[in-house]
Structures are given as C-alpha cells and as structure tokens.
Amino acid sequence: MKSTLRVRFAPSPTGYFHVGGARTALYNWLIARKAGGSFILRIEDTDDARNAEEWVDGIVSALTWLGISWDEGPYRQSERSDLYAQAIARLIDEGKAYWCDCTRDEIDKRASERGGPPGYDGYCRERNNPRASGSALRFKIPRPGQTVVHDKIRGDVVFDHENLDDFIIVKSNGSPLFVLANVVDDMDMKISYILRAEEHLPTTPKAILLFQALGAEELPVFAHVPVLVNAKRQKLSKRRDRVAVEDYRELGYLASAMVNYLVLLGWSPGDDREFMRIEEMIELFDIDQVNHSPAFFDEKKMLHFNGVYIRELPVDDFVNHCLPFLESNEWWSGSVKQLEVFSKIAPLVQERVSLLTEVSSMVDFLFQPEIEISAELVDSVLRKDPKSSRIIGDISNIYLNLSEFKAEQLHDATRSYCDLVEMPLRKVQAPIRVALTGSKVGPPLFESIELLGKKATLQRLALASELIGIHNP
RNA sequence: GGCCCCAUCGUCUAGAGGCCUAGGACACUACCCUCUCAAGGUAGAGACACGGGUUCGAAUCCCGUUGGGGCUGCCA
C-alpha cells in the first residue's frame, strides 16, 4: 500500500528567518501540494540556549505572508521530550549507545597525540560507563560498515563508517541533539520525504543509522537541495548576511514576487518561462529538475520581479498594498479625500516603482501642506538658467487663466507656451516640476498638477518665484 | 588535514551525445519611444574551468587536475 506523501519543514528558531529557509520551505510545500500530501511545520528548539520565542513568531508570520500554509503544527521539539526519552532508553537497552565522559580537551589531546584527524576516537565505547552528571550519550556506529544515502538529487552517496565518529545524541544536561530528535520526530510523524539543504548531507548517514537502530521499517526519501550563497559564494548565514524575509517585506516586496523569484533559485520549469502563478509552480515543480550547484541570491533580479508583479496588480490591490507604507508618513491621515487623490495618482505611480517603499516619496508633494526644495535643486534647476524665472512667471499667468484645470488643458496650454517661446517641453517642464513637487522626477506632470489643484499650484509657483528672486536679484 | 558535494555568460538558468554558430532572464551598453522618471521596443557585448579518454560526433558519458563550497560542535 502506498502511503501519502508527508513532508516537513523544520527550522530552528535561532535567528531571523532567512530566504534560504524560505526556499526550502517552498520546495517542500510544492511537492506536498502537488502530491496532495501533508506539509508539517516543526520547530526544532532543542537547544534552549540559542532559541527564542520571537524567532518562532518570525517564522510563522513569514511563512504565512509567503502563502506557505502547513497542514500540521507547528510542533515543537521542546514539547516532545517523552518521545525522545523512550528512544534513548531503547538505544541504551539494546547496547546501541553508551555514556561518555570525555571532555573536548581530552578528545583533542588524544587526537593530536596520535597525530590523526581530529574527532572522537571511541575511547568510552567499550567501557560501560554508568551515566554520570557530566556525561553525554554517544551513538555506537556499527563497525565496519558503510551507509549509502539514496539522494533524489545527487544519486547514491556512499559514506564509509570509518569516517563517522560515534556522535553525541544526548547532551549531559539530558536534552537530545538535533539528529536524534529529528529522526525520532520524522518516524513519529511518518515523514516520507525529507527535502532539506545540502549542508545536511554529511549528517544523513548518521540519521539513517539512527532510523535503523530505532527499527524504522522504511526510510524516508532524501533530497538535498543546493544551498543559497552570498556574493562571496559562501552559504547564507544569519550572522553575516542580512537576508531576512521580514526585511524584504518591509522594503516593499510582494510575497508573490518573492515566491516566484525564490522558486527559480535552483530550479526552472525547463523552458524559458520565468513568471509563474502558484498553481503553475505546483504543477510544474519537479525535484528531478532541481540544480546541483549553489545559487547566489541576487537582489537585483528579485527587484525586477517585484516591479513586474507590482505593475500586474489591479489598481485597487496596488492601493491596498501601498496603504501600510503610506501610513508611516506624518503627512498621511488616511482621510477620504487623501484616499481619493492617491487612488487617482496610483496607476501612474504603479508603473514607476519596483518597491512599495518608493511610493511615498513619489506622491508626498500631493499631501504635504508645503514642500521643501533642496538648495541643490533651487540652484541647479531654478536659478542656473535665467529662463526659469520667466517660465515660472509666465506659466503662473497661463494657469491662472485656465478655464478648466485638467491635465489635458494644462498640457495643451503648456505646449502652446513652448511653441511661443520656442523651447522644448522637456526643458519647460523641469522648473515647473521642481517648483511644484520639489523633485526632478515623479509621475507625469500634468496629471500631478490637476490633482494638486489650482490653488496649491499657483501658490507653489509664486513661492518658487520668490525663491529665485531672493537668491538672484 | 579527513570525508562529502559542486562546476555553462558577472548573476539565475536552458541543455538528458548530433537540433549549439550554446537559448532565455537580471544587470550592463547603444539607439528608439517620451513632459521628467520609469515602463516598453530594437540591437550589442558576454559562458561550456583545464587536461585526457569513450564515440563517426561531447557542454552533455568516464577519469584526472584545478577551483569553489559544505561537514568535521554536548549548534541546527
């Protein structure tokens, strides 16, 4: 009888949740969804010296944000010690583990004395030590022997037991170590498919030996996906690389864009397509197509993806996504009037940003009671060219007498003025834009002016004239 | 040091012995479009790490070299 596929994502809450973890979670989730199996979230918090509750929250909220939903959990290893105790007792009873009271120093000293490679030498293996306060439990690696890891991505990887130390499975304080807790949980949860980062490959033979020692009838399928690396091609690390999922969210990345970018790091559907909906990813994802080599996490490319995803959003959705970012500005009240104005400018902003955090600075001039024009801009745009002063004066008059203050009329009137003074529109719009928005770049000018309104527009033009006058008598 | 993994443009990748003069995407350059900035369009530059085999034929298979990475914890 074929059992249904069960996968797990088992992060340890020892730091912020980084993109490598997110990618591993995503791959697990995809194979679970594709097979109609279960995705289990398990928090590996056996090392209480290092984990913290806030990190658990971070994992849970990041996965939720990304849309990676779990069918069971989150389980916590810290709540499952009875299970580990049973397994430990069994291993001791059956003579498959032994207590060792060697200190690190002693181990190192013996290693250097015999001139061999560092590592544990099996000193306590046959000594039948009783459990003492400072002793740890080691697993007795069957010798001689070898263990083959049948990896879905890498094929068969052979490990000779000669190169495997009798590793510790229980700390002297009684808590189980990661490999043991992992195997016990995987057995108890009937995990049938273990997909994790490649860094775990060297510990897999140990896990397999443990599975066998604990009487597992069937081994799960293993698949070790390549790690994600930084620009120096080192494994992404929480300490040295700032790549928290949460940070990207705060920067204004869309979860959909991030997921799409992440799925492509180590996998491609086999053709030239890059943009896929979740349903397509589920359908197309295939572990056999996963790459063997590490992938560099390239923010530039993800930024591009984000721009594409932002532009594809229906305008209403775009507005909603912007709101949390707008709310962090003191000029934003969220009033009906402000929402109306923002909704009107939104489509023009949408196609100009790659990050939601870029939105505020692009629209702030519409909401701030008065704008600030940097000295540098006053200098370079308003004062440097003597024509600027005249343009602003003339345009003020033209706008003042406009019957309708709409983008089209503003555009036409400005264009006529350009013809009159024989200047290109791109020259004429510059000082106007700076006077009205305080910036050289932004959404299309005439739509902006319409939304700004006649009163504010004329005020700001007058102010700009004054500025020029003061500095340039 | 030992064990293990990996190797196509700067980056992510396509490539399952002939469809390869090696395709796509990001980034880069130029031009076009254009009220700024974006977006878009067109073009360009840019890679099979090296050496041996196997084969009529190798980016693809094998071996070696080199290079990179991971593990080697009473971390996960």
Side-chain angles (χ1 to χ4, degrees), chain A residues 10-14 44-47 49-51 100 103-104 115-120 134-138 149 151 153-154 157-160 162-165 167-179 181-182 196-205 224 226-227 229 231-235 261 264-275 288-289 291-305 307-308 311 348-354 358 362 410-411 414-415 418 424-430 432-434 437 439-448:
Chain A
S12 63
T14 55
E44 309 247 316
D45 56 352
T46 53
D47 183 13
R50 293 207 309 154
N51 53 51
C100 166
T103 62
R104 189 73 235 174
Y120 185 65
S135 60
L137 191 69
R138 286 185 185 273
V149 177
D151 191 280
I153 295 174
R154 284 154 219 285
V157 184
V158 182
F159 292 88
D160 199 297
E162 254 181 56
N163 301 311
L164 262 28
D165 289 345
F167 57 100
I168 291 177
I169 52 179
V170 180
K171 300 181 201 176
S172 53
N173 69 7
S175 62
L177 241 14
F178 143 82
V179 195
N182 228 263
R196 43 162 35 160
E198 192 197 338
E199 61 200 273
H200 293 289
L201 186 54
T203 69
T204 303
H224 288 92
V227 292
V229 296
K232 286 155 77 181
R233 302 215 72 87
Q234 296 165 314
K235 180 180 84 167
Y261 175 69
L264 256 17
L265 241 34
W267 173 76
S268 101
D271 51 28
D272 288 339
R273 102 179 89 172
E274 290 201 309
F275 292 100
D288 293 329
Q289 295 281 327
N291 255 290
H292 294 195
S293 41
F296 169 62
F297 181 78
D298 185 4
E299 286 192 42
K300 285 247 184 69
K301 185 154 182 174
M302 185 165 76
L303 187 65
H304 174 256
F305 272 52
V308 172
R311 271 171 257 132
L348 301 173
V349 173
Q350 187 175 2
E351 57 190 29
R352 289 178 165 71
V353 296
S354 317
E358 293 166 0
M362 205 166 272
L410 288 157
H411 193 169
T414 311
R415 208 178 261 295
C418 288
L425 183 50
R426 63 188 173 81
K427 288 274 187 202
V428 171
Q429 63 94 33
I432 305 173
R433 179 183 294 278
V434 167
T437 73
S439 172
K440 283 203 292 193
V441 300
L445 185 60
F446 304 106
E447 283 80 357
S448 301

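Here is how names work: the chains are called A, B, and so on, in the same order as the sequence lines, proteins then strands, and each is numbered from 1.
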Hey, is the side chain of [X] poking within less than 4.0 Å of OP1 or OP2 on [N], counting only N and O atoms?
X        : N     : answer
A/Arg104 : B/C74 : yes
A/Lys235 : B/G68 : no
A/Arg233 : B/C12 : yes
A/Arg50  : B/A76 : no
A/Lys171 : B/C75 : yes
A/Thr46  : B/C75 : no

Quiz prompt | nucleotides 35-49 of chain B: protein proximity per nucleotide (B base, S sugar-phosphate only, - neither; heavy atom, under 4.0 Å) | solution = BBBBSS---------

Qualifying residues under salt bridge (Lys or Arg N to Asp or Glu O under 4.0 Å), relative to [X], sequence neighbours excluded:
X        : value
A/Glu199 : A/Lys235
A/Arg154 : A/Glu198
A/Glu447 : none

Round to a whole Å and report the spacing from [atom1] of [X] to [atom2] of [N].
X        : N     : atom1 : atom2 : value
A/Phe167 : B/A76 : CZ    : C1'   : 14 Å
A/His224 : B/C71 : NE2   : P     : 12 Å
A/Asp151 : B/G70 : CG    : P     : 18 Å
A/Glu162 : B/U72 : CD    : C1'   : 16 Å
A/Asp272 : B/G15 : CG    : C1'   : 11 Å
A/Lys300 : B/C26 : NZ    : P     : 13 Å
A/His200 : B/U72 : NE2   : C1'   : 15 Å
A/Phe296 : B/C12 : CZ    : P     : 8 Å

Quiz item: Could you go step by step and tell me if A/Lys171 and A/Asp47 meet the salt bridge (charged side-chain N to carboxylate O under 4.0 Å, His left out) rule?
Solution: CA-CA 10 Å; A/Lys171 300 181 201 176; A/Asp47 183 13; 3.5 Å; yes

Quiz item: 5'-most contact on RNA chain B: A/Ser293 or A/Pro118, nearest heavy atom basis?
Solution: A/Pro118

Quiz item: If you find the nucleotide of RNA chain B closest to A/Tyr120 and the one closest to A/Asn291, which residue's nucleotide is nearer the 5' end?
Solution: A/Asn291

Partner lookup for [N], please. Criteria are Watson-Crick or G-U wobble with both distances under 3.5 angstrom; report none if nothing qualifies.
N     : answer
B/G1  : B/U72
B/C61 : B/G53
B/G67 : B/C6
B/U11 : B/A25
B/C19 : none
B/C33 : none
B/A45 : none

Quiz item: Would a distance-only check, ignoring hydrogens and angles, find a side-chain to backbone donor-acceptor pair under 3.5 Å from A/His292 to A/Ile153?
Solution: yes

Quiz item: Counting N and O atoms only, with roles assigned by atom type, does the side chain of A/Tyr261 sit under 3.5 Å from a partner on the main chain of A/Asp298, one being a donor and the other an acceptor?
Solution: yes

So, do [X] and [Y] sit near enough that their side-chain heavy atoms are less than 4.5 Å apart?
X        : Y        : result
A/Leu164 : A/Pro205 : yes
A/Asn182 : A/Arg196 : yes
A/Lys301 : A/Phe296 : no
A/Glu274 : A/His304 : no
A/Thr46  : A/Ser175 : no

Quiz item: Quick one: are the ring centres of A/Phe305 and A/Phe275 less than 6.0 Å apart?
Solution: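 Yes, the ring of A/Phe305 comes within the 6.0 Å limit of the ring of A/Phe275, centre to centre.
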
Self-check item: Proximity to the side chain of A/Ala295 - top-ranked nucleotide from B/A76, B/C12, B/C74
Solution: B/C12

Self-check item: A/Pro294 side chain, from C-beta outward: closest of B/C6, B/C74, B/G70
Solution: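 Looking only at side-chain atoms, A/Pro294 lies closest to B/C6.
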
What contact category does [X] fall into here, base, sugar-phosphate, or nothing, at under 4.0 angstrom with non-hydrogen atoms?
X        : answer
A/Gly134 : base
A/Leu177 : sugar-phosphate
A/Gln289 : base

[N] and [M]: how far apart are their [atom1] atoms, nearest whole angstrom?
N     : M     : atom1 : value
B/C61 : B/A16 : P     : 11 Å
B/U13 : B/C48 : C1'   : 13 Å
B/G69 : B/G24 : C1'   : 27 Å
B/C32 : B/U21 : P     : 35 Å
B/C6  : B/G64 : P     : 14 Å
B/G23 : B/A47 : P     : 11 Å
B/G70 : B/C12 : P     : 15 Å
B/A76 : B/G67 : C1'   : 29 Å

Quiz item: By side-chain hydrogen bond (donor to acceptor under 3.5 Å, both in side chains), which residues pair with A/Asp45, not counting sequence neighbours?
Solution: A/Ser78

Exercise. Tell whether A/Ser172 reaches the base of B/C74 with its side chain through a donor-acceptor pair below 3.5 angstrom.
Key: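 Such a pair exists between side chain and base.
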
For nucleotides 2-5 of chain B, give me every protein contact, N/O to N/O, under 3.5 Å, one pair per line with atom names.
unit_1, atom_1, unit_2, atom_2, d
B/C5, O2', A/Arg154, NH1, 2.7
B/C5, O2', A/Glu198, OE2, 2.6

